[in-house]
Amino acid sequence: MSSCSSDQLTLPQWEGSCRKIRFIYLVNPTSFRLTSCQGPAVPLYLGADLLSSTDIRVENHPRYHAKFAKKGLATKIHFSSAFRFQGLKVPAANNSLWFYSVQGLFRLAFEMYNQQEQLAVMENFQDVWKSQMNESPLEMNYSLSVQLDTPESPSVADTESGRARPGCNFGQINRNVLPACATEAADTSADHDYCSFTKQTEQIHPVVATLRDKLRHLDDQLRSPTQSNTERLETILLLLEKTDRYMNGNLDEKDAAEAVLALLQTRDWTKGSVYSSYLLTCIGRWLGQQFHAANSSISEKVEGFKVQHIERISDLPPAEELAAELFPEAMQTLLLHWMGLCDESTEGKKRSEYPILLLILEFANHNLITGVAHVLYSSLICK
């Protein structure tokens, strides 16, 4: 049987009272080292350690890392298959790990850690942060194939201490060359098992993972609601109830209307100008499309009415009755509110102006019924 070998590397680490953070030095886009030898290098901190013992579930770590990577604060490093890491069980086919810059470490600490841990980060990493202030943002990915350390690099004191400071001579390095097939014993005690994590997350649809993240974020906000959030709780509750009905396939037309109206009533969306309201434009477009799609059924109804009243076409019912019988209620409701005829105080005006409303409905639906509509159409269109 042929044997193969790989480097089992122990990353140097900083240890605080309640957290340990492992790291490497990025020397250039293809090389790294584990000691702070002289020469320019960027310290990068293991993302798994930064997110451990936080509210972010393990299966959601990659999504969180990717969010920081878009800002240049984190990167996914692909290591050559020759490198294996003590305490990190990584699939051989995807030998990659997420790391953060010191700026990313600070940003994450102030988003996720308690005050005690934030203070520890400030006290121990401020010198590193100052030294890296002028560094460029990280690339999204790096492929590292060269380690620039030598086995003799660590000092005796570093090797014996097992501790490392974040600014200089980052400590203990055990560099044992082991056959790849002989690493199982080390892997069984892995504190970060990326192999089992990969199998677990393969079964989770990305949209489901995103939904869980959003719901957890909402839960975090509800733990300490501000006054402005408290005022919105009833609307949030209603929307969640409708979301639950939608997921179960029970959402009906009334549910959809209540959800839309709840959002429309949260503020004055057209306060700026009705001439440039994106919301009104979208609603108007949607209504127009729905009404246009109903034209054939309206035409059929109008034609049936004409057949029944052919002998008394000059003696038709009042405009209000005609509109109610031949045109959808939604069209009448829109025009009544648009024309300011929806209040009880306008009842007399409503009766006198309903023939105008009926004419609008006849022209808009291309279905002429009254004699006035025919005369106007002839004078306006057929000149």
Side-chain angles (χ1 to χ4, degrees), residues 205-208 210-215 217-219 221-222 229-272 274 276-306 308 317-347 350-351 353-354 356-367 369:
H205 193 283
V207 176
V208 174
T210 302
L211 281 170
R212 289 178 176 177
D213 280 345
K214 296 293 185 183
L215 290 172
H217 179 64
L218 180 60
D219 182 58
Q221 290 183 305
L222 291 174
N229 281 337
T230 303
E231 296 170 356
R232 302 171 185 168
L233 290 180
E234 289 187 5
T235 300
I236 294 171
L237 178 60
L238 183 143
L239 294 175
L240 287 174
E241 289 174 348
K242 304 310 179 186
T243 301
D244 181 58
R245 291 179 63 84
Y246 179 69
M247 287 188 65
N248 294 323
N250 297 322
L251 190 74
D252 58 23
E253 186 181 23
K254 183 181 178 182
D255 291 322
E258 290 176 351
V260 172
L261 287 174
L263 289 174
L264 291 177
Q265 293 168 359
T266 56
R267 55 177 286 192
D268 184 2
W269 297 100
T270 59
K271 188 175 182 180
V274 294
S276 58
S277 171
Y278 178 78
L279 178 63
L280 285 179
T281 300
C282 291
I283 293 175
R285 182 187 303 114
W286 186 84
L287 278 175
Q289 291 170 344
Q290 304 307 308
F291 290 163
H292 179 72
N295 186 256
S296 60
S297 60
I298 294 173
S299 297
E300 184 178 342
K301 197 163 192 175
V302 169
E303 289 303 316
F305 174 85
K306 289 180 178 180
Q308 292 178 3
E320 190 168 353
E321 293 182 21
L322 276 177
E325 182 176 351
L326 299 176
F327 297 104
E329 181 184 357
M331 292 182 180
Q332 300 172 65
T333 301
L334 173 63
L335 290 175
L336 284 171
H337 283 75
W338 189 347
M339 297 167 68
L341 303 175
C342 53
D343 298 331
E344 292 183 2
S345 60
T346 62
E347 192 64 34
K350 176 180 174 182
R351 281 194 298 270
E353 292 193 14
Y354 225 99
I356 299 175
L357 185 148
L358 177 61
L359 279 174
I360 296 173
L361 291 174
E362 290 180 80
F363 282 118
N365 288 283
H366 303 289
N367 280 281
I369 306 163

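- Taking every heavy atom of both residues into account, N367 and S299 meet most closely at ND2-OG, 3.1 Å.
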Working for side chain to side chain contact (heavy atoms under 4.5 Å, CB included), residues F327 and I360: CA-CA 11 Å; F327 297 104; I360 296 173; over 6 Å; no
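- The side chain to side chain contact (heavy atoms under 4.5 Å, CB included) check on F363 picks up L359, L368, L376, Y377, with sequence neighbours excluded.
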Could you pull out all donor-acceptor pairs under 3.5 Å where a side-chain atom in residues 280-297 meets a protein atom, sequence neighbours excluded?
from	atom 1	to	atom 2	distance (Å)
T281	OG1	S277	O	2.8
N295	ND2	N365	O	2.7
S297	OG	A294	O	2.8

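- Summarising the geometry of L336 relative to K350, their closest heavy-atom pair is CD2-CE, 4.1 Å, with the distance given to 0.1 Å.
- For D213, the salt bridge (charged side-chain N to carboxylate O under 4.0 Å, His left out) test picks out R63, R216, with sequence neighbours left out.
- Among all heavy-atom pairs drawn from A323 and L361, the shortest one is CB-CD1, 4.1 Å.
- Residue pairs meeting the salt bridge (Lys or Arg N to Asp or Glu O under 4.0 Å) criterion with at least one member in residues 252-261, sequence neighbours excluded, are K242-D255, K242-E258, R245-D255.
- Proximity of a side-chain donor or acceptor of W269 to a complementary backbone N or O of L279 within less than 3.5 Å is not detected.
- Under the salt bridge (charged side-chain N to carboxylate O under 4.0 Å, His left out) criterion, R351 pairs with no residue at all, not counting sequence neighbours.
- Here the closest heavy-atom approach between residue I298 and residue P328 is recorded as CD1-CD, 3.7 Å.
- Within 6.0 Å of CD in E234 there are 12 or fewer heavy atoms belonging to other residues, nucleotides or ligands.
- How far CG of D244 is from CG of N248: 5.0 Å, rounded to the nearest 0.5 Å.
- Residue pairs meeting the side-chain hydrogen bond (donor to acceptor under 3.5 Å, both in side chains) criterion with at least one member in residues 329-340, sequence neighbours excluded: Q332-Y354.
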Worked verdict on K214 versus L218 for side chain to side chain contact (heavy atoms under 4.5 Å, CB included): CA-CA 6 Å; K214 296 293 185 183; L218 180 60; over 6 Å; no
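- A distance of 4.5 Å separates CG in L335 from CG in L357, rounded to the nearest 0.5 Å.
- Atom CE of M247 and atom OG1 of T243 lie 9.0 Å apart (nearest 0.5 Å).
- L238 and A259 make their closest contact through CD2-CA, 3.9 Å (heavy atoms, listed as atom of the first residue, atom of the second, distance).
- The nearest pair of heavy atoms linking K301 to E325 is CE-O, 3.2 Å.
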